[in-house]
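Below: the structure, in structure tokens.
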2 protein chains.
Amino acid sequence: MTASGAVEAGTTEADADRVFAALASAVRREVLRLLRDGGPQPVQALADHFDMRRPSLSEHLRVLREAGLVSEQRSGRQRIYRLEAAPLAEVQDWLHPYERFWRGRLKDLGALLDRMPDDDVT
Amino acid sequence: MTASGAVEAGTTEADADRVFAALASAVRREVLRLLRDGGPQPVQALADHFDMRRPSLSEHLRVLREAGLVSEQRSGRQRIYRLEAAPLAEVQDWLHPYERFWRGRLKDLGALLDRMPDDDVT
DNA sequence: TTGACCCGTAGGGAAAGTCCTACCTATTCT
DNA sequence: AGAATAGGTAGGACTTTCCCTACGGGTCAA
């Protein structure tokens with residue numbers, strides 16, 4: 001009921017924790033970029049881009065997998081990793097309510113309204 | 001040249017690390033939501049929403065501050081915290097190149113193209 | 001000035017993250 | 001079958017995070 005369901009509207013806070021934590025690493029973001037620009041790839045092809053032992057990269061891949069950001073498909077003795085962007089779509093959804101804070105001049109209106117709850121701050 | 005510059009186009013990987021890491025905590029995301037919906041507030045008002053000692057919340061606020069997600073303004077013996085959404089705008093920018101992976105049927109086209117770089121995966 | 005209040009910092013302990021070096025399984029080639 | 005290849009797991013060292021209890025500095029009210 002967590003990954004195979006149809007729509008799965010409910011994203012828990014723990015899910016969001018995992019996704020943001022997974023993104024909080026330059027190595028893992030680079031892995032996602034490689035999968036985005038280079039398509040699905042086996043581990044070795046990804047590892048070539050990093051100055052790091054393969055077991056360490058394996059752990060990064062595990063973090064990405066548990067966040068739902070990549071999936072693996074076994075093919076012979078290789079594991080093909082593929083980008084799974086659904087969690088990123090949820091990040092974008094999470095972002096929406098904040099948009100008015102940086103969208104053009106609307107920001108000024110928003111900031112003005114936000115200043116009202118307090119009495120005066122000089 | 002890091003926080004007060006005009007446009008500051010260059011966002012380093014370390015900056016992104018800090019922003020995503022800051023967002024990887026339900027407590028800190030809730031702080032952002034409180035500032036978004038309730039406007040700028042002093043620490044005590046924020047602390048009332050959490051089952052946590054205030055010094056701990058202070059550390060969370062420091063993490064958010066160092067990520068540029070909030071700013072503080074001293075007012076008497078209070079510190080008014082305000083949402084700073086600029087880093088969130090950069091998160092959205094980071095997200096853009098991934099959009100085609102979840103946008104409608106375009107996803108299928110993208111997935112098809114992504115499958116080509118490899119020879120055969122059966 | 002004394003005391004109450006707001007809030008940050010210091011330091012400690014438990015847990016988690018990140019890298020490493022072995023080591024293991026599964027698959028393919030000869 | 002035996003060797004080589006692909007890649008995950010185990011366990012250790014080091015660092016970071018996150019919570020806590022003290023404690024210190026600035027501000028306001030009496």
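Side-chain atoms are counted along with the backbone in the values below, which use heavy atoms only and exclude waters and symmetry mates. If you're wondering where the values come from, they're calculated on a predicted model, not measured in any experiment. Chain letters run A, B, ... following the sequence lines, proteins first, then strands; residues in each count from 1.
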Sugar-phosphate, base or nothing in reach of A/Arg28, heavy atoms under 4.0 Å: sugar-phosphate
For chain A, the stretch of DNA chain C it reaches, first to last nucleotide, under 4.0 Å of its heavy atoms: C/dT18 to C/dT28
How many whole angstroms separate atom [atom1] of [X] from atom [atom2] of [N]?
{"X": "B/Gln78", "N": "D/dC28", "atom1": "CD", "atom2": "C1'", "result": "11 Å"}
{"X": "B/Glu72", "N": "D/dG26", "atom1": "CD", "atom2": "P", "result": "14 Å"}
{"X": "A/Leu57", "N": "D/dG8", "atom1": "CG", "atom2": "C1'", "result": "12 Å"}
{"X": "B/Leu64", "N": "D/dT17", "atom1": "CG", "atom2": "P", "result": "13 Å"}

Single-linkage hydrophobic cluster B/Leu88~B/Trp94, side-chain heavy atoms < 4.5 angstrom: yes
side-chain hydrogen bond (donor to acceptor under 3.5 Å, both in side chains) involving A/Arg53 - partner list, sequence neighbours excluded: none
Interface residues of residues 43-54 of chain B with DNA chain C (non-hydrogen, below 4.0 angstrom): B/Val43, B/Gln44, B/Arg54
Side-chain N,O (B/Ser56) to OP1/OP2 (D/dC20) below 4.0 Å: yes
Short side-chain N/O contact from A/Tyr81 to OP1 or OP2 of D/dA6, under 4.0 Å: no
Trace of the salt bridge (charged side-chain N to carboxylate O under 4.0 Å, His left out) decision for A/Glu13 with B/Arg29: CA-CA 9 Å; A/Glu13 291 297 288; B/Arg29 287 194 304 276; 3.1 Å; yes
Candidate nucleotides D/dT5, D/dG8, D/dT21, ranked by approach to the side chain of A/Arg77 - the nearest: D/dT5
Given B/Leu64, B/Leu69, B/Val63, the one that forms side chain to side chain contact (heavy atoms under 4.5 Å, CB included) with B/Val31: B/Leu64
Nearest atoms (heavy-atom pairs only) where B/Val43 meets B/Leu61: CG2-CD1, 3.8 Å
Test item: A/Gln41 side-chain N/O and A/Tyr81 main-chain N/O as donor-acceptor pair under 3.5 Å: no
Sidechain-backbone polar pair: A/Arg28 side chain, A/Ala21 backbone, donor-acceptor under 3.5 Å: yes
Which residue lies more 5' along DNA chain C, comparing A/Ala21 with A/Gly76 via nearest heavy atoms: A/Ala21
5′-ward residue of the pair B/Glu59/A/Val27 relative to DNA chain C: B/Glu59
Straight-line distance of B/Arg33 CZ to B/Leu83 CG, nearest 0.5 Å: 12.0 Å
Donor on one side chain, acceptor on other, B/Gln44 and B/Gln78, under 3.5 Å: no
